[in-house]
Amino acid sequence: MSGPWLEGLNEAQRRAVTHADGPVLVIAGAGTGKTRTLACRVAYLIDGGVPPERILLLTFTRRAAAEMIARAGRMIGPQTAKVWGGTFHAVANRLLRIYAGAVGLPADFTVIDQGDSADLMNIVRNELGVAKGNKRFPRKETLVRIYSRVVNAGDKLSAVLERYFPWCSDHIDGIRSIVEGYVRRKRDNNVLDYDDLLLFWKALVTTSPAAESVADRFEHILVDEYQDTNALQGDILVAMRRRIRNIMVVGDDAQSIYSFRAATVRNILDFPKQFPGADTVTLEQNYRSVQPILEVGNAVMEQAQERYTKNLWSHRASGNKPVLITCTDEPEQSLAVCSNIITHLEQGIALKRQAVLFRAGHHSSHLEVELARRQIPFHKFGGLKFIEAAHVKDMLAFLRILENPWDELSWFRILLLLEGIGPRSAQRIVDQIGVRREQTPVAEPDSVNPASTEAVSDSGSDESETGPQPITSTFRTPLRRFLEGAVNAPASSRELLQQLRMALAHCAGLRLVSNGRNGGFVLEPLGAEPPLSAQVERIREFYEPVFNRAYENPTIRLRDLEQLEQIAATYRSRGRFITDLTLDPPTSTSDLAGAPYLEEDYLILSTIHSAKGCEWDVVHIIHAADGMIPSDMATGDSEGVDEERRLFYVALTRAKDNLYVYFPIRYYHTGSRMGDAHSYAQLTRFISPTVKALFEQRLPPGITRRDPADPGTFPRHANTPDQVRRQINDLFGA
DNA sequence: CATTTATAAATTTTT
DNA sequence: TTTATAAATG
């Protein structure tokens, strides 16, 4: 069997694509056509008669899955859209909605993100009082990280603390009791966190009555970025493949950069042991980068403690060496980046085909200001997510309690927004309406929801149709009690509470009718719930005055709410909207450069982590200084440094034709009250003398080094007088 | 007594 | 820019 798509594949790729049944490990170096191989494999399988819905494609982001499925679709037709594709977490969610009953979950659980997990952890922490007056007790974020590592790595709490959080070891008993409370609290609130999605998926395929049925749904499983999976995900795959043994995993041990999320290269190394009889295919020919860029990448990896034997090679020769640019400080770095970007743009390389990469989200902030000043549009990936902004979380909290009225966290968030209500009153109200249920009502043990098996994965489609619901005595009790008005609240907040009640009732498709006594209400159904967009609009009507009072700069934040509404407009199901937003949040765009998402061409700014799997014609890596990459936080042990090296390697190998690495010598420490203190940085340790020799070294464009006392000569800068005049005009409003 | 406001301190990477 | 604690206010 062969299709036109086999044309142009090299021998190793072809072996991977046409591999027969059974387990296969594909070791794919950077840029060796792994996406293409996976897409072709999907097309090959479907062409060979495998029903698309019986293929499961696990990737690191939803975008990656969508891309591969679309690519396969271009080869053999639109039926590829039925392939199950997405992240482990998204697939877990989808399976659990179908098989909830088999693992004792209610089917209407909602998913909370890491920030929510931290807040919930904090509630328990405060209630238990274990941290009282103890400044050294782990913060809520740390507690979540500890818990998450224990679960994902499958290690004991004591071992995790000793190895990764030694400064918390003294508090092991306190931590244990907080975690116990946290786990109970999630169950009472009818919520799952990211880790639960995986835990319950594992339970579903190991101990549940539906185990075989779930595993047998899929004839083939394909996993991308296998080096960044963790022990728990490995267990899930093993369980999924006990009977049908077709699995292909693709990965590169040199690109493992998620150990902070408990990912381990052991999964790759142990693959042949976990899946006996596995074949291995290695892809070494790089199609992405010119040879001089690969040489730098290879040289950086040579210094690794654990030697990676892969050496990438390419047919793409080039006289262009990668360029190392030494700048005096960060402002000069920003200027140099802009200048090089413009030069390439003038040579016909669109902004979209260039990217600036950096270690941490905030490393780009200075550059962002400079780009905005020059009106170069950009789009930033990674760093602070728009979903994490307080006002966006507020809006979502309203939708969440409509979807899951046992969600304590969302009730708190909303109640605290109201003037006159603080933690105390909020707690009282939450108690009064019975948000914390002792026992979660469970779906019938063997109930499988046949309607949701037809669910389609892409946005905009509904998987549950929510018609008018009867108002029975048990229906959504906390919400009902709240709407009926059975709460004691400070008189100053009565008016706002009543407005909130009306907004929520409207969204739930109910009408409030006064019961004539003590200010209470009777609920009357008004037919079906209004469409999601109408609900969002109604909530915003209530929220906007509250929002203007609560936040300093409402106008900037208002844009986020508008964006949220636009996204909501593409959904019909409220539940799907909430879940998609927490499992696959849109990346934020900076407001500074106008509305970049409306522009046709924009520059890419990205953390190195978010750049995984991407490629650009021109790549600029900034802050190549020790302390930035490797990050100070990671230089404690050699494993940490090794991971930073792989991170740097990932950054280098994103470049196709041109690579620039920028190193600012001097860093200013603003914010500290020590005046204009500054310090001198070292070039990143990953650019050793041998590596450095592979670079062409340059000064920033337009800069000539000179004796500090010598004014030197400057290129004439014709624009400066205009700029000065413009500034003056701005000041005087002319 | 509960809420709001003021002050100081800390800040990697992501599903 | 958020978050824990202290003081001020209603």
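Below, read A as the first sequence line, B as the second, and so on, with proteins coming before strands; counting in each chain starts at 1.
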Query raised in the report: Which nucleotide, in any strand shown, forms a Watson-Crick or G-U wobble pair with dT12(B), with both distances under 3.5 Å?
Result: none
Report task. Give a yes/no answer on whether the side chain of Thr607(A) brings an N or O atom under 4.0 Å of OP1 or OP2 in dT14(B). Result -> yes
Query raised in the report: Within the structure, does a side-chain N or O atom of Lys140(A) lie under 4.0 Å from either OP1 or OP2 of dT3(C)?
Result: yes
Query raised in the report: In whole Å, what is the span from the CE atom of Met121(A) to the C1' atom of dT3(C)?
Result: 17 Å
Query raised in the report: Does any donor-acceptor pair link the side chain of Gln114(A) with the base of dT15(B) at a separation under 3.5 Å?
Result: yes
Report task. Determine the interatomic distance between P on dT11(B) and the same-named atom on dT5(C); round to the nearest Å. Result -> 15 Å
Query raised in the report: Taking the side chain of Met633(A) as heavy atoms from C-beta outward, which of dT15(B), dT12(B), dT4(B) is closest to it?
Result: dT12(B)
Requested in this report: Grab the CD1-P distance between Ile421(A) and dA2(B) for me, whole Å please.
Outcome: 14 Å
Query raised in the report: Charged N to carboxylate O below 4.0 Å: is that the case for Glu225(A) and Lys34(A)?
Result: yes
Query - Closest to the His609(A) side chain, choosing from dT15(B), dA4(C), dT13(B) - result: dT13(B)
Report task. Provide the distance between the two P atoms, one in dT13(B) and one in dT3(C), to the nearest whole Å. Result -> 15 Å
Query raised in the report: Does the side chain of Arg359(A) reach to within under 4.5 Å of the side chain of His609(A), using non-hydrogen atoms?
Result: yes
Query raised in the report: Within the pair Ser610(A) and dT14(B), is there a side-chain N or O less than 4.0 Å away from OP1 or OP2?
Result: yes
Query raised in the report: Can Phe260(A) be classed as stacking with the base of dT13(B), given a centroid separation cut-off of 5.5 Å and a plane angle cut-off of 30°?
Result: yes
Report summary line: Of the candidates dT14(B), dT3(B), dA4(C), the side chain of Ser425(A) sits closest to dT3(B)
Requested in this report: Using atom CZ of Arg63(A) as one end and atom C1' of dT14(B) as the other, report the distance to the nearest whole Å.
Outcome: 14 Å
Query raised in the report: Can Asn404(A) and Arg400(A) be counted as having a side-chain donor-acceptor contact under 3.5 angstrom?
Result: no
Query - Glu141(A) CD - dT11(B) P separation (whole Å) - result: 10 Å
**Report entry** 5'-most by nearest nucleotide on DNA chain B - Arg359(A) or His89(A)
**Finding:** Arg359(A)
Query - Rounded distance in Å - CG (Asp116(A)) to P (dT2(C)) - result: 15 Å
Report task. State the pairing partner of dT4(B); accept Watson-Crick or G-U wobble contacts with both distances under 3.5 Å, and report none otherwise. Result -> dA7(C)
**Report entry** Side chains of Ile257(A) and Tyr649(A) in contact at under 4.5 Å (non-hydrogen atoms)
**Finding:** no
Query raised in the report: At under 4.0 Å between heavy atoms, what does Tyr258(A) touch on the DNA or RNA strands: base, sugar-phosphate, or nothing?
Result: sugar-phosphate
Query raised in the report: Which nucleotide sits closest to the side chain of Arg424(A): dT12(B), dA2(B), dT15(B)?
Result: dA2(B)
Report task. For Phe381(A) and dT15(B), give me the distance from atom CZ to atom P, rounded to whole Å. Result -> 12 Å
Query raised in the report: Is the His623(A)-Tyr667(A) ring centre distance short of 6.0 angstrom?
Result: yes
Query raised in the report: Want to settle it: does Tyr194(A) or Ala634(A) sit nearer the 5' end of DNA chain B, counting the closest nucleotide to each?
Result: Ala634(A)
Query raised in the report: NA contact type, Arg261(A), heavy-atom cut-off 4.0 Å: base, sugar-phosphate, or nothing?
Result: base
Requested in this report: Determine whether the side chains of Ser117(A) and Tyr182(A) contain a donor N or O and an acceptor N or O closer than 3.5 Å.
Outcome: yes
Report task. Quickly work out the Phe137(A) CZ to dT3(C) P distance and round it to whole Å. Result -> 18 Å
Query raised in the report: Which part of the nucleic acid, if any, lies within reach of Leu647(A) when heavy atoms closer than 4.0 Å are counted: base, sugar-phosphate only, or nothing?
Result: nothing
